[in-house]
> 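Right, I'll just put the structure down here and ask away after.
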Amino acid sequence: QVQLVESGGGLVQPGESLRLSCAASGSTFSSYDMGWFRQAPGKEREFVAAISRSGGTIRYTDSVKGRFTISRDNAKNTVYLQMNPLKPEDTAVYSCAARSSPLIWRSSFYSSQRSYDYWGQGTQVTVSS
C-alpha cells in the first residue's frame, strides 16, 4: 500500500506558474502508474495527466496540453505537475493518484478515477488576479 501527500499549491495570478509535488511512501514507488486529477468548486473531479511507472508513457487532458507537464523521479518517490501558464479555470483542488497494476492506455481507462487505487488528500490551486 502506498501513501500519497501533495504539496506546492497556492494562490497565483493568471499567467504565472506552479509546480505540484506528490510524495509517495510505504511501497515501491516505481511499481505504480500515477495520475493527477482536479476538482473545481461545484464540479466533478476530472482527469488532468497520467504517467507510466517508467515515465515512458504520458497522457494529458486536452485543456492542459502545452501548458502542464507531468514527470516523475523514482529515486525521490515523487511525481510532479508543472503548470505554466495558469488560467483562472485551472482553479481547483489537485490530487494525485496511484495504480498498482499497469494502466491501460486507452483514454476511457486512464482518465477514470475508478482506475486508480490510492489517493492523496489534495492541494488547493487558486488562479486569480
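Just so you know, these numbers use all the heavy atoms, side chains as well, and skip hydrogens, waters and symmetry mates.
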> Verify, without hydrogens or angle tests, whether Arg53 (side chain) and Ser31 (backbone) share a donor-acceptor contact under 3.5 angstrom.
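Yes, because the side chain of Arg53 sits within donor-acceptor range (under 3.5 Å) of the backbone of Ser31.
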> Are Cys22 and Tyr94 close enough, and set up right, to give a side-chain contact (heavy atoms from CB on, under 4.5 Å), and what steps lead you there?
CA-CA 10 Å; Cys22 172; Tyr94 285 71; over 6 Å; no
> Verify, without hydrogens or angle tests, whether Arg72 (side chain) and Ser52 (backbone) share a donor-acceptor contact under 3.5 angstrom.
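Between the backbone of Ser52 and the side chain of Arg72 there is a qualifying donor-acceptor contact (under 3.5 Å).
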> If hydrophobic clusters are built by linking Ile, Leu, Val, Met, Phe, Trp and Tyr wherever their side-chain heavy atoms come under 4.5 Å apart, do Leu18 and Tyr80 end up in the same one?
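No.
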> In the hydrophobic cluster built from side-chain contacts under 4.5 Å, what are the other members alongside Trp105?
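Phe37, Phe47, Leu103, Ile104, Phe109, Tyr110, Tyr116, Trp119, which link up through side-chain heavy atoms under 4.5 Å apart, make up the rest of the cluster.
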> In the single-linkage hydrophobic clustering (I, L, V, M, F, W, Y; side-chain heavy atoms under 4.5 Å), do Leu86 and Val93 co-cluster?
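No; tracing contacts between hydrophobic side chains, which count when under 4.5 Å, never links both residues.
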> Taking only residues two or more places apart in sequence or in another chain, which ones pass salt bridge (charged side-chain N to carboxylate O under 4.0 Å, His left out) with Lys43?
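Testing Lys43 for salt bridge (charged side-chain N to carboxylate O under 4.0 Å, His left out), a comparison that skips the adjacent residues, returns none.
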> Inspect the contact between Lys65 and Asp62 and indicate whether a charged nitrogen and a carboxylate oxygen are less than 4.0 angstrom apart.
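Salt bridge: yes.
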> Could you pull out the closest heavy-atom pair between Ser128 and Pro14, with the gap in Å?
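Shortest heavy-atom separation between Ser128 and Pro14 comes out as C-CD, 3.7 Å.
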> Using 0.5 Å steps for rounding, measure from the OG1 atom of Thr91 to the CD atom of Gln124.
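That separation rounds to 7.5 Å.
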> To check you understand the geometry: which heavy-atom pair defines the closest contact between Ala40 and Ala92, and what is its length?
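Minimum heavy-atom contact is N-CB, 3.7 Å.
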> Step by step, would you call Val125 with Met83 a side-chain contact (heavy atoms from CB on, under 4.5 Å)?
CA-CA 10 Å; Val125 172; Met83 306 183 293; 3.9 Å; yes
> Would you say Ser17's side chain and Asn84's backbone share a donor-acceptor pair under 3.5 angstrom?
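No: the side chain of Ser17 does not pair with the backbone of Asn84.
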> Identify the two heavy atoms, one from Val2 and one from Ala98, that lie closest to each other, and give their separation to 0.1 Å.
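For Val2 and Ala98, the tightest heavy-atom pair comes out as CG1-CB, 4.0 Å.
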> How long is the span from the CZ atom in Arg38 to the OG1 atom in Thr61, to the nearest 0.5 Å?
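It comes to 7.5 Å.
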> Would you please say whether a donor-acceptor pair under 3.5 Å links the side chains of Ser101 and Arg99?
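Ser101 vs Arg99: donor-acceptor pair found between side chains.
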> Please check if the side chain of Glu6 supplies one atom and the backbone of Gln121 the other of a donor-acceptor pair under 3.5 Å.
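Yes, Glu6 side chain to Gln121 backbone: donor-acceptor pair under 3.5 Å.
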> Which heavy atom in Val79 sits nearest to a heavy atom in Met34, and how many Å separate them?
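Closest approach of Val79 to Met34, heavy atoms only: CG1-CE, 3.9 Å.
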> Out of curiosity, Leu4 CG to Phe29 CZ, how far, rounded to the nearest 0.5 Å?
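Going from CG on Leu4 over to CZ on Phe29, the span is 8.0 Å.
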> Got a second to check how far Arg106's CZ is from Ser115's OG, nearest 0.5 Å?
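If we round to the nearest 0.5 Å, Arg106:CZ and Ser115:OG are 9.0 Å apart.
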> How long is the straight-line distance from OG of Ser100 back to CG of Asp33, given to the nearest 0.5 Å?
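OG of Ser100 is found 9.0 Å from CG of Asp33.
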> Of the non-hydrogen atoms in Tyr60 and Thr69, which two are nearest, and what is the gap between them?
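Minimum heavy-atom contact is OH-CA, 3.3 Å.
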> Which distance, rounded to the nearest 0.5 Å, do you find between the CD of Gln82 and the CD1 of Ile70?
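The CD1 atom of Ile70 is 12.5 Å from CD of Gln82, to the nearest 0.5 Å.
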> Given side chains that start at C-beta, do those of Pro85 and Arg67 come closer than 4.5 Å, heavy atoms only?
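When only atoms from C-beta onward are counted, Arg67 and Pro85 do touch, with a gap below 4.5 Å.
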